[in-house]
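Heavy-atom basis, side chains included; hydrogens, waters and symmetry copies ignored.
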Amino acid sequence: MKLQTALFFCLAAPLIGLSQGAAEKSFSRADTLRGSITAERSWWDVQQYDIRVCPDYTQKTIAGHNRITYKVLKNAGGQKMQVDLQEPLRIDSVLLDRQRLAFSKEGAAWHLSVPAQKAGSVNAVTVYYSGAPREAVRAPWDGGWTFAKDSLGRPWMTVTCQGLGASVWYPCKDHQSDEPDKGASLEMVVPDTLVAVANGRLESQKNNGDGTASYKWRVVNPINNYNLIPYIGRYEHFSETHKGEKGKLDLDYWVLDYNEAKAKDYLPKEVRNMLNAFEHWFGPYPFYEDGYKLVDVPHTGMEHQSAVAYGNWYKPGYRQRDGSGTGWGLKWDFIVIHESGHEWFGNNITSKDLADMWIHESFTNYSETLFVDYIFGRQAGNEYNWGTRKGIRNDKPIIPEYGVNRQGSGDMYPKGGNMLHAIRHSLDNDALFRNIMRGMNAAFYHQTVTAQQVEGYISRKGGYDYRKVFDQYLRTTQVPRLEYYFSADRSRVFYRYANCVEGFNLPLVLKNGAARRKIIPSEKWKSAALKPSEVSLFDSAAIEKMYYVQPVQVQPS
């Protein structure tokens with residue numbers, strides 16, 4: 001989660017002609033280098049990152065290296081390799097084994113000259129770098145390194161870089177489609193008065209005898225570049241285990257020393273409730289091998305895989321606010337629930353292109369509703385989801401241009417969540433909907449995917465073609481209108497969709513007590529006979545609360 005507006009309120013190839021209201025954009029060579037699979041990226045696949053970083057808190061600089069292990073996908077003779085590192089950081093040198101490589105710079109893209117390599121071979125380059133990294137002005141919405149102080153005035157450091165990219169602090173292949181298949185390690189050399197925490201499990205720790213200490217952490221699962229994060233401060237640690245669907249899951253909590261008592265009293269219950277709810281809806285936590293942890297941070301929070309950043313004051317709500325306005329959002333910890341929901345959507349299932357970030361944010365926004373449903377009941381979930389709708393702006397489409405590292409509207413949070421709620425109600429079968437959610441996390445386990453894959457999966461498993469529904473909510477800013485009227489004796493109802501894409505076909509299952517009727521409106525008028533008990537099904541307020549449409553009773557033409 002990154003967008004400020006979405007946080008406040010929620011407290012795929014683009015289809016030409018569907019982006020109503022979107023201004024034409026021109027993109028630079030830098031946009032293409034950053035957001036597309038260039039020739040210099042396409043011939044190699046990242047296998048593993050091994051990063052070592054030495055931050056200097058006083059000077060606000062860093063120095064380190066990243067050993068990038070990669071597999072050659074096709075013969076590369078005299079090929080260039082694109083590695084990304086953002087200014088003002090600089091690459092100092094590059095080694096392939098012991099051979100020093102020449103390189104050139106083009107903005108944030110660095111072109112390494114590599115010797116001929118055979119397809120199928122596995123090699124490694126070590127990229128040495130240094131400089132004063134970009135600082136985050138208002139993390140997590142503004143990316144970069146955070147050099148902060150805790151409430152006792154002691155150093156406290158971390159990084160946030162979703163969207164902006166991991167190359168803001170270490171050299172890498174900065175594209176979401178290529179995760180290190182065999183995981184990554186992060187070694188941090190810090191003052192020996194501080195503790196350094198990162199993703200996965202602690203592999204080694206040593207005092208260097210020179211006033212510094214080294215902490216090395218490792219993840220064995222594939223991981224998004226932007227999820228590899230250092231946390232450095234005066235941390236204390238406590239742990240427990242959770243009996244989950246795949247067996248024993250290690251739960252670790254790294255909190256500032258003066259937060260330890262309240263963290264022990266508060267966090268474990270929130271985490272257990274989260275895991276029970278999400279394993280029910282989505283299937284097993286995707287990273288048992290790396291464990292699950294929460295880490296104190298100076299900002300609100302982020303979904304860093306197996307090391308979720310937590311800064312929600314150890315109180316319910318989103319820093320004591322309820323974005324739904326219903327009261328339900330003040331009964332649980334927003335950061336624990338939302339950011340942990342990303343372990344399934346965003347970390348387990350990752351979009352190949354930043355344009356498809358709705359796959360991360362829409363499903364994770366909806367995970368809040370499913371959590372409320374699981375803990376407090378279906379009606380509470382319906383009310384919470386309805387409440388989040390006031391955050392929808394319809395300023396621009398959720399899916400923007402592809403291949404240029406571009407994100408769409410912040411509506412990917414509440415509008416995407418309401419879209420999924422509408423699809424769930426249209427299925428009228430929670431067992432089927434749950435199987436779809438669990439099935440996605442199994443079918444796309446540890447994979448990067450496209451919008452088309454996700455949309456196609458839901459349609460196939462749901463037994464209904466939802467392509468036009470996704471087009472409507474993801475690729476336009478139009479809110480579909482359900483127009484209806486009754487015959488004079490109210491024995492028939494006439495209905496259609498308007499203000500929608502051609503072919504929009506969201507089914508509506510209308511219920512009121514024992515009365516029930518399913519309709520599938522189209523752009524053409526349809527009609528159906530009504531029993532007297534069914535007239536009340538066409539209640540505009542009730543329909544609007546269940547589906548993101550605007551019901552309007554019109555006069556017969």
(request) Enter the distance from Lys468:NZ to Glu455:CD here, rounded to the nearest 0.5 Å. (result) 11.5 Å
(request) Measure the shortest side-chain to side-chain distance between Glu187 and Ser214 over non-hydrogen atoms and say whether it is less than 4.5 angstrom. (result) yes
(message) Let me confirm one number: the CD-CD1 distance from Gln162 to Ile229, rounded to the nearest 0.5 Å.
(response) 10.0 Å
(request) Please step through ring pair (Phe, Tyr, Trp, His ring centres under 6.0 Å) for the pair Phe363 and Phe282, ending with a clear verdict. (result) CA-CA 11 Å; Phe363 284 96; Phe282 305 143; 8.3 Å; no
(request) Among Leu420, Asn418, Thr388, find the one that has a side chain to side chain contact (heavy atoms under 4.5 Å, CB included) with Tyr366. (result) Leu420
(request) Please check if any side-chain donor atom of Thr350 sits under 3.5 Å from a side-chain acceptor atom of Gln176, or the reverse. (result) no
(request) Might you confirm whether atom CZ of Arg67 has over 12 heavy atoms from other residues, nucleotides or ligands at distances under 6.0 Å? (result) no
(request) Mind running side chain to side chain contact (heavy atoms under 4.5 Å, CB included) on Tyr170 and Leu228 for me, showing each step along the way? (result) CA-CA 10 Å; Tyr170 71 90; Leu228 271 170; 3.6 Å; yes
(request) Report the C-alpha separation of Asp290 and Ser306 in whole Å, then their side-chain angles, then the decisive distance to 0.1 Å, and conclude whether the side chain to side chain donor-acceptor pair (under 3.5 Å) test is met. (result) CA-CA 6 Å; Asp290 292 320; Ser306 74; 5.1 Å; no
(request) Flag the pair Met357 / Met412 as yes when at least one side-chain heavy-atom distance between them is below 4.5 Å, and no otherwise. (result) yes
(message) Under the criterion side chain to side chain contact (heavy atoms under 4.5 Å, CB included), I'd like the reasoning laid out for His175 against Ile37: C-alpha separation, chi angles, the key distance, then a yes or no.
(response) CA-CA 8 Å; His175 195 275; Ile37 298 299; 3.6 Å; yes
(request) State which residue, out of Tyr314, Phe238, Tyr266, Tyr235, fulfils the ring-ring contact (aromatic ring centres under 6.0 Å, His included) condition with Tyr253. (result) Phe238
(message) Between Arg438 (side chain only) and Glu279 (backbone N and O only), is there a donor and an acceptor less than 3.5 Å apart?
(response) yes
(message) Ignoring hydrogens and geometry beyond distance, is a side-chain donor-acceptor pair present between Asn199 and His304 at under 3.5 Å?
(response) no
(message) Working to the nearest 0.5 angstrom, can you tell me the gap between Tyr285 OH and Leu275 CG?
(response) 8.0 Å
(request) Classify the side-chain pair Asn227/Asn347 by whether it contains a donor and acceptor separated by less than 3.5 Å. (result) yes
(message) I'd like to know if the side chain of Gln205 reaches the main chain of Ala196, judged simply by a donor and an acceptor atom lying under 3.5 Å from each other, with no hydrogens or angles considered.
(response) no
(request) Evaluate the criterion ring pair (Phe, Tyr, Trp, His ring centres under 6.0 Å) for residue pair His280 and Tyr374; output intermediate values, then yes/no. (result) CA-CA 9 Å; His280 168 82; Tyr374 182 87; 5.2 Å; yes
(request) Compare all side-chain heavy atoms of Phe278 with those of Ile337 and state whether any distance is below 4.5 angstrom. (result) yes
(message) Closer than 3.5 angstrom, by distance alone: can the side chain of Tyr57 be matched with the main-chain N or O of Val190 as a donor-acceptor pair?
(response) no
(message) Here's a test for you: under ring-ring contact (aromatic ring centres under 6.0 Å, His included), which of Phe371, Phe334, Phe376 qualifies with Trp328?
(response) Phe376
(message) With a 6.0 Å cut-off (strictly less than), is the heavy-atom count around NZ of Lys246, excluding the residue itself, greater than 12?
(response) yes
(message) Strictly below 4.0 Å, N to O, side chains only: are Asp50 and Arg218 in salt-bridge contact?
(response) yes
(message) Any salt bridge linking Arg138 with Asp142? Criterion: basic side-chain nitrogen under 4.0 Å from a carboxylate oxygen.
(response) no
(message) Less than 4.0 angstrom from a charged side-chain N to a carboxylate O is my criterion; do Glu179 and Lys352 meet it?
(response) no
(message) For a side chain to side chain contact (heavy atoms under 4.5 Å, CB included) check, start with the C-alpha distance between Ile349 and Gln453, then their side-chain angles and the critical distance, and finish with the verdict.
(response) CA-CA 11 Å; Ile349 304 175; Gln453 287 177 277; over 6 Å; no
(request) Give a yes-or-no answer on whether the side chains of Asn221 and Glu289 include a donor-acceptor pair shorter than 3.5 Å. (result) yes
(request) Look only at the side chain of Asn312 and the backbone of Gly317, and say whether a donor-acceptor pair between them is shorter than 3.5 Å. (result) yes
(request) Kindly compute the distance separating CG (Asn259) from CH2 (Trp313), expressed to the nearest 0.5 Å. (result) 13.0 Å
(request) Establish, for the pair Lys173 and Trp44, whether the NZ or CZ atom is under 6.0 angstrom from the six-membered ring centre and no further than 45 degrees off its axis. (result) yes
(message) Looking only at the side chains, is there a donor atom on one of Gln47 and Asp181 sitting less than 3.5 Å from an acceptor on the other?
(response) yes
(message) Salt bridge or not between Asp84 and Arg41? Use side-chain N to carboxylate O under 4.0 Å.
(response) yes
(request) Please answer whether the main-chain N or O of Gly391 pairs with a side-chain N or O of Lys415 as donor and acceptor at a distance below 3.5 Å. (result) no
(message) Measuring only between side-chain heavy atoms, which start at C-beta, is Leu194 closer than 4.5 Å to Met157?
(response) yes
(request) Working to the nearest 0.5 Å, report the span between CG of Leu186 and CG of Asn66. (result) 9.5 Å
(request) Please check if the side chain of Gln86 supplies one atom and the backbone of Leu164 the other of a donor-acceptor pair under 3.5 Å. (result) yes
(message) Determine whether Phe147 and Trp145 satisfy the following criterion, ring pair (Phe, Tyr, Trp, His ring centres under 6.0 Å), listing intermediate values before the conclusion.
(response) CA-CA 7 Å; Phe147 296 95; Trp145 198 285; 5.8 Å; yes
(request) Rounded to the nearest 0.5 Å, what's the gap from NZ on Lys216 to CD on Glu203? Could you check? (result) 5.0 Å
(message) Pair Lys511, Asp428 - check salt bridge (charged side-chain N to carboxylate O under 4.0 Å, His left out), show working.
(response) CA-CA 10 Å; Lys511 300 177 183 179; Asp428 195 32; 2.6 Å; yes
(message) If only side-chain N and O atoms count, and only distance matters, is there a donor-acceptor pair under 3.5 Å linking His421 with Tyr547?
(response) no
(message) Please check this pair: side chain of Ser459 against backbone of Tyr466, looking for a donor-acceptor N/O pair closer than 3.5 Å.
(response) yes
(request) Please check if the side chain of Tyr231 supplies one atom and the backbone of Ala307 the other of a donor-acceptor pair under 3.5 Å. (result) yes
(message) One pair to check against side chain to side chain contact (heavy atoms under 4.5 Å, CB included): Tyr292 and Phe287. What are the steps and the verdict?
(response) CA-CA 8 Å; Tyr292 171 92; Phe287 308 107; over 6 Å; no
(message) Using modelled atom types and a 3.5 Å cut-off, is there a donor and acceptor pairing between side-chain atoms of Asp322 and backbone atoms of Thr326?
(response) yes
(message) Does this structure show an ion pair linking Glu240 with Arg272, if we count only N-O contacts that are shorter than 4.0 Å?
(response) yes
(request) Using only heavy-atom distances, determine whether the side chains of His342 and Thr364 contain a donor-acceptor pair under 3.5 Å. (result) yes
(request) May I ask you to decide whether Arg201 forms a salt bridge with Asp250, counting only side-chain N to carboxylate O separations under 4.0 Å? (result) yes
(message) Whether the side chain of Trp344 engages the backbone of Pro284 through a donor-acceptor N/O pair (distance < 3.5 Å, no angle test) should be reported.
(response) yes
(message) Show, in sequence, the C-alpha distance, side-chain angles and deciding distance for Arg234 and Tyr258, and conclude whether the side chain to side chain donor-acceptor pair (under 3.5 Å) test is met.
(response) CA-CA 9 Å; Arg234 292 293 290 269; Tyr258 52 74; over 6 Å; no
(message) Could you tell me if the side chain of Lys331 sits less than 4.5 Å from the side chain of Ile375, heavy atoms only?
(response) no
(request) Could you tell me whether Arg424 and Asp373 have a side-chain N and a carboxylate O separated by less than 4.0 Å? (result) yes
